[in-house]
Amino acid sequence: EEEKLIIVRIDRTPPKVSAVPTPPPNGHGWNNTDVTVPFTAEDVLSGILDVSRPVGVFTEGTSQVITGQATDLAGNTGAVSVTLNIDKTAPVIEVTSRLPEPNESGWNNSPVTVKYSVSDTLSGVDENTGGYEDDIVSTEEMNQSASGSVTDKAGNASSVTISGINIDLTPPVADAGPDQIVNETSPGTFDGSGSYDNLSGIASYTWTFEDPNAPATGEEGVGVSHTYGDNGIYTVTLTVHDIAGNGPVTDTVIVTVNNVAPTAEAGSDQTVNEGDTVQFSGSHTDPGLLDTHTYRWDFGDGSTAEGTNPTHTYGDNGAWAVTLTVTDDDGGIGTDTLRVTANNVPPTVEIGDDKIIDENTTVTFTGTLTDPGSLDTHTAIWDFGDGTEPVTGTIIKNDLLTELRVFGSHSYELPGVYIVTLTVTDDDGGIRQDTLKVTVQDAVPPNVQLISPSPENTGLCQIINGIVSITGIANDIHPEGS
């Protein structure tokens, strides 16, 4: 029997399979792209018959297990598994606050703090990379920005930027201009254009005038004007703010307001009669709206009065210069003059009722004299109507009455009817008269004797219409008649 040589190969060891993901994960065990897992096998005895094809992993996820295997020629099978973490989505970073908020003009006048929030729903935020801590912007400048960034554990990164951060920390400079001297009637003009702000610019100019007539809140504008209602020394304050809200910053100017005297108005010239009550009405204008005033009138005849609307009576005719003096409370004086012409008015004379007296009886006449010209002087002449020389009457003032009394006396020697005239003349030539009738009676009736009622005298005594008529011889005691 022929011997045969049989070679027996025994391999009981499975092949060694390896897998190396491409690209490999980072230090946190994460990939942020698609991963290819190739498999390699090694069998030192029988050799490799078959090995799994490479596996591509495209899905995001954590703990994804990829398995591959190899078979050796002996039929042994070996396997290997790798676990993959894939995160291809970038983390989220957002600005959560910008504090303080800018004003309406988009400016801040203090440092700005920007805060961020970050998140990642798969691999998680890599806290070691930072980049999302609070940003503090404190530089004075326009249109600054702040940026934050974040990286997740897979290596995905995101960033965010906030721009338009305007910061002005420096207050403006106020310039109210030079001191001024003006009159009450003239407005002061104020100019704040010398004020400046080098970054955000000036937002507002407010002027206050230390004047109760000015608005309490002041007046707005780079340039303004103001008229003061009274003289004095005033402090004008300019207050400015810049657009960023820095301020208030102030500057002052001193305004000296000189008093302006009032303008007096005494009214129109007047023509009156002496003794009339003359009404005066004064007025004035004064640019000093807060001034107070006194009125003094000089009527030209030595009399004066106070007040706006006095009255005065002129006691004599004439032309009078009436002066109104208006004085303000600061000593400013204004005057105006009008002319009053007072015409003479003749006196009024009244000598009473008619009289009946006896002959050779002294009769006293009393006349009354009134004259609106209280300063007039008078002469009085009595004419008794009997051919005697007129005489000057005596004028007496009755202190209890406003009228004058004019006295005269006369004795009539013959019976009859006489017209008595009182003529009064004032010192300006005004003349008035009044008259009365004086009937002078025979003081003693005649002694009538009927010589004879003889027949031849028949008819010497008769009655006609109730009147006894006697014809005869009478002896009268009157020396000049019978």
Side-chain angles (χ1 to χ4, degrees), residues 20-37 56-64 82-174 195-204 240-249:
V20 179
T22 302
N26 64 16
H28 294 290
W30 283 87
N31 288 87
N32 62 7
T33 63
D34 296 339
V35 177
T36 299
V37 182
V57 182
F58 310 105
T59 304
E60 289 185 299
T62 182
S63 300
Q64 300 181 71
V82 294
T83 300
L84 295 180
N85 299 306
I86 298 176
D87 182 359
K88 295 187 288 184
T89 303
V92 175
I93 181 168
E94 297 177 323
V95 175
T96 57
S97 65
R98 175 196 188 282
L99 297 176
E101 294 288 340
N103 62 18
E104 292 180 355
S105 300
W107 281 87
N108 288 88
N109 61 5
S110 63
V112 174
T113 298
V114 179
K115 291 181 177 293
Y116 307 96
S117 67
V118 295
S119 63
D120 189 274
T121 60
L122 194 53
S123 62
V125 172
D126 186 355
E127 296 179 354
N128 295 324
T129 60
Y132 50 86
E133 298 82 5
D134 292 352
D135 269 340
I136 298 177
V137 184
S138 58
T139 303
E140 288 187 292
E141 192 174 337
M142 290 182 63
N143 201 26
Q144 301 180 81
S145 62
S147 297
S149 62
V150 62
T151 303
D152 64 16
K153 291 179 180 179
N156 300 298
S158 294
S159 65
V160 66
T161 298
I162 179 172
S163 60
I165 300 175
N166 304 311
I167 297 178
D168 182 359
L169 307 176
T170 304
V173 174
S195 306
Y196 63 91
D197 186 272
N198 290 328
L199 192 51
S200 60
I202 294 180
S204 64
V240 297
H241 293 79
D242 66 17
I243 295 174
N246 295 300
V249 178

Selection [range] - residue pairs positive for salt bridge (Lys or Arg N to Asp or Glu O under 4.0 Å), sequence neighbours left out:
range	answer
residues 158-168	none
residues 85-112	D34-K88
residues 147-160	none
residues 123-143	K115-D134

Would you name the heavy atoms of [X] and [Y] that are closest together and state the gap between them?
X	Y	value
P25	G29	CB-C, 3.6 Å
Y116	Y132	CD1-O, 3.6 Å
S200	I243	O-CD1, 2.8 Å
P100	S110	CG-OG, 3.5 Å
P21	V35	CB-CG1, 3.6 Å
P171	V249	CB-CG2, 3.7 Å

*Looking at residues at least two apart in the chain, or sitting in another chain, which of them share a side-chain contact (heavy atoms from CB on, under 4.5 Å) with S195?*
A174, D175, I202, Y205, L238, V240
*asked:* If the condition is side-chain contact (heavy atoms from CB on, under 4.5 Å), which residues does T59 pass it with, not counting sequence neighbours?
replied: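 T59: side-chain contact (heavy atoms from CB on, under 4.5 Å) contacts with Q64.
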*Pick one: which of V160, I165, I136 meets side-chain contact (heavy atoms from CB on, under 4.5 Å) with V114?*
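Exactly one candidate clears the test, I165.
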*Can you spot which of V118, T151, I93 makes a side-chain contact (heavy atoms from CB on, under 4.5 Å) with S158?*
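That would be I93.
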Do [X] and [Y] come within less than 4.5 Å of each other through their side chains, counting heavy atoms only?
X	Y	answer
P172	N246	yes
T62	W30	yes
N31	P23	yes
T170	L199	no
S117	T96	yes
N166	N143	yes
H241	P248	yes
T89	S123	no

Atom [atom1] of [X] and atom [atom2] of [Y]: how far apart are they, to the nearest 0.5 Å?
X	Y	atom1	atom2	result
D242	Y196	CG	OH	12.5 Å
S145	I162	OG	CD1	9.5 Å
T36	F58	OG1	CZ	6.0 Å

_With a 3.5 Å distance limit and no angle check, can you tell me whether N32 reaches the backbone of A154 through a side-chain donor-acceptor pair?_
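Yes; judged by distance alone, with no hydrogens or angles, the pair exists.
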